[in-house]
Number of protein chains: 2
Amino acid sequence: MAGARREGRPAVIGDVARLAGVSPQTVSRVMNERPNVREETRRRVLEAIRQLDYRPNLMARGLVRRQAHTIGVISFDSVLFGPASTLLGIGRAARAAGYGVTIVTPEGFDRGSIIDAMSDLTSHTVAGVITVFPSQQAATNALFNLPAGLPAVAVEAAPDESVPTVRIDQAEGVRMAVEHLLRLGHSTVWHVSGPRERMDAQARIEAWRSTLEQAGRPTPQVVAGDWSAESGYQAGLELGERQGVTAVFAANDHMALGLLRAFHELGVRVPEDVSVVGFDDIPEAGYLIPPLTTVRPDHGEVGRRSVEVLLRLLDGQDVEDVPYVVPTLVRRASTAAAPN
Amino acid sequence: MAGARREGRPAVIGDVARLAGVSPQTVSRVMNERPNVREETRRRVLEAIRQLDYRPNLMARGLVRRQAHTIGVISFDSVLFGPASTLLGIGRAARAAGYGVTIVTPEGFDRGSIIDAMSDLTSHTVAGVITVFPSQQAATNALFNLPAGLPAVAVEAAPDESVPTVRIDQAEGVRMAVEHLLRLGHSTVWHVSGPRERMDAQARIEAWRSTLEQAGRPTPQVVAGDWSAESGYQAGLELGERQGVTAVFAANDHMALGLLRAFHELGVRVPEDVSVVGFDDIPEAGYLIPPLTTVRPDHGEVGRRSVEVLLRLLDGQDVEDVPYVVPTLVRRASTAAAPN
DNA sequence: GCCAGGTTTGGCAACGTTAACAACTCGGCT
DNA sequence: AGCCGAGTTGTTAACGTTGCCAAACCTGGC
């Protein structure tokens, strides 16, 4: 019978055309919501589409239109709360704009694993790329190995000014945390940092230092951690024994959590003896012992905004400065006035 | 000059062919590592590829070969540790097998948002689909709306036996947790559950109940939570006031964390007065106060295995039963002998 | 020097869609 | 009646790749 779908195979545009008694071109017009199709014709086509359960082949469409319908994302640490939230924001915003999202997670920061991970992104399958990397080296490896002309946006770390970058305003977040502690009467604030090669860790160290300097306070030695609760715990064992430590700013909540535990073991009371502030506002932050005062960056907003910038790039516009995403300070019970 | 790349556009196979002085067909053979290409010819082609930075167009390739190079994943709660780890496992395994991964996260469990989220997966862009859903309803909505003939694998929740399903052995994990507590001398174990409409929550409730029954112990009323630390906290306030509660099994670590905090507030000591066991082994579990005894499911393995099963399906094999992924019990300091 | 059999290479068509253009329809106007 | 133009529809070719088949090229044996 005319218009029957070919055996076993999914329907294609020609099948729909035959069933509706029009040309493939007209079906294409209906699919793409172009004007100048008689209402009656449109109805017939739509009905045929429904009957055959026709779904346009995006690969064929991408081929003629010379454009992909997907955004590529290269992300590290995608299991962590922050990056995972950013990824979710990217996914939602991309889909709203009609793009799919392909996510790759390289094994390491080195050039080899990053190029390896990117291999399918570079094969004309993505319209543009967003990197979500905490390290400048990784971002450089990724962005300098992209095919020429492929639009890219960096989240957090970028090799230089040539790539539009969406960032959390680390400096502002840290300033809020440190000033909060100073206002509570602490004479200075110690810092447990993330790994120094990470951009965000570095940015937080610098913001912490400069806030203290501007307030005319001494800047203690940085205690280096690696984002993990374990490293926060080790830092806590060290700081808890030390004289005169009354306020600690940890570069993320996981380390703050380790700190809390170390202080608890040592009999150092939080917040009576020492105040602690974290960074991230992980979902459990409010239920730690004690509930953690922390800086909340809006990772979802970072994701949304990076898509927005990429779309502008795809549209041929050029993008100058992207405003920073400003975090907020969430005050809970882990901070209190300095002991005297 | 011969072999020059056409202005501005990325090189295509014809450009490479011209530069190497061979036909496009031969370039294709080299790209796909087919036999019967003279070594000298292969070298010339590879050199041309390098010179032009040629990358094959996967959309064109997919079109002729009638197959996609991507695996579609529909996931819920992708920010949580468990699903995020599964996603990572899927991504790595897929890439190792030469597939990209497209992830979509619907807004809700209802049919509308799921179909909506799936729309691009259904347009011939994916070779197969993996669902990562904690609810049977969601899995049903997804899997019954897939185009006919598209291979699919379910993680955790599936509508029925028709779709191969990769699961954590919830029952075994729960049994380990509950028996651990019983062996410590507790007369029974209370349970703070996840939301009942979630398959995994339901499975844990049932396993908890049957383990107690098999041991001939009374089964207390389930305290219902919703996975969040807040709900664990509320449950803790309730259980902490109750007489005779000496052991609690929380259906996930976040709720266990809330429990710990509530008990702390109430002056109930863990593990001296009450033992607590969680489920998930989130990265911070070992640094809570006290470090949490918990069940560790290998989410990454679940992801890897689901890809493996999907690949078998794509290969035309049919898959009978997929063995459960068995979790392990991680003993830490939140459990101890029952008080007398 | 010739032929059989294998290896290497090229030509053509097809995958499913859309862009560009051509052609047709229809009502209104000269 | 003939013509115009807006609105609607169809035709042709192209996107970049690979499957299929045929052609050209070797190699060694007689």
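We name chains A, B, ... by the order of the sequence lines, and we start the count at 1 in each one.
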Query - Nucleotide nearest Arg29(B) (side chain, heavy atoms from C-beta), chosen from dT17(D), dT17(C), dG10(C) - result: dG10(C)

Requested in this report: Could you check whether Asn36(B) gets within reach of a base, just the sugar-phosphate, or nothing at all, counting any heavy atom under 4.0 Å?
Outcome: base

Requested in this report: Between dT17(C), dG10(D), dG16(D), spot the one nearest the side chain of Arg66(A), thanks.
Outcome: dG16(D)

**Report entry** Arg61(B) side chain, from C-beta outward: closest of dT17(C), dT17(D), dG10(C)
**Finding:** dT17(D)

Requested in this report: For the side chain of Val22(B), starting at C-beta, report the closest nucleotide among dT17(C), dG10(C), dT9(D).
Outcome: dG10(C)

Query raised in the report: Do you see a donor-acceptor pair shorter than 3.5 Å between the side chains of Asn36(A) and Arg29(A)?
Result: no

Query raised in the report: Of the nucleotides dT7(C), dA19(C), dT8(D), which one has an atom closest to the side chain of Arg34(A)?
Result: dA19(C)

Requested in this report: Give me the ring orientation class for Phe76(B) and Phe133(B): parallel if the planes are under 30° apart, tilted from 30 to 60°, perpendicular past 60°.
Outcome: tilted

Report summary line: Residue pair Gly14(A)/Arg38(B) against DNA chain C: nearer the 5' end by closest nucleotide is Arg38(B)

Query - Selected nucleotide, minimal atom distance to Ser28(B) side chain, candidates dG10(D), dT18(D), dT17(C) - result: dT18(D)

Query - 5′-ward residue of the pair Val27(B)/Gln25(A) relative to DNA chain D - result: Gln25(A)

**Report entry** CZ (Arg65(B)) with more than 12 external heavy atoms under 6.0 Å
**Finding:** yes

Report summary line: Of the candidates dG19(D), dA14(C), dT11(D), the side chain of Val64(B) sits closest to dA14(C)

Query raised in the report: Does a side chain donor of either Ser113(A) or Asp116(A) reach within less than 3.5 Å of an acceptor in the other side chain?
Result: no

Query - Candidate nucleotides dG10(C), dT17(D), dT17(C), ranked by approach to the side chain of Asn57(A) - the nearest - result: dT17(C)

Requested in this report: Output the single nucleotide from dT18(D), dG16(C), dT17(C) whose closest atom is nearest the side chain of Leu63(B).
Outcome: dG16(C)

Report task. Tell me which of Ala60(B) and Pro35(B) sits closer to the 5' end of DNA chain C, going by the nucleotide each one is nearest to. Result -> Pro35(B)

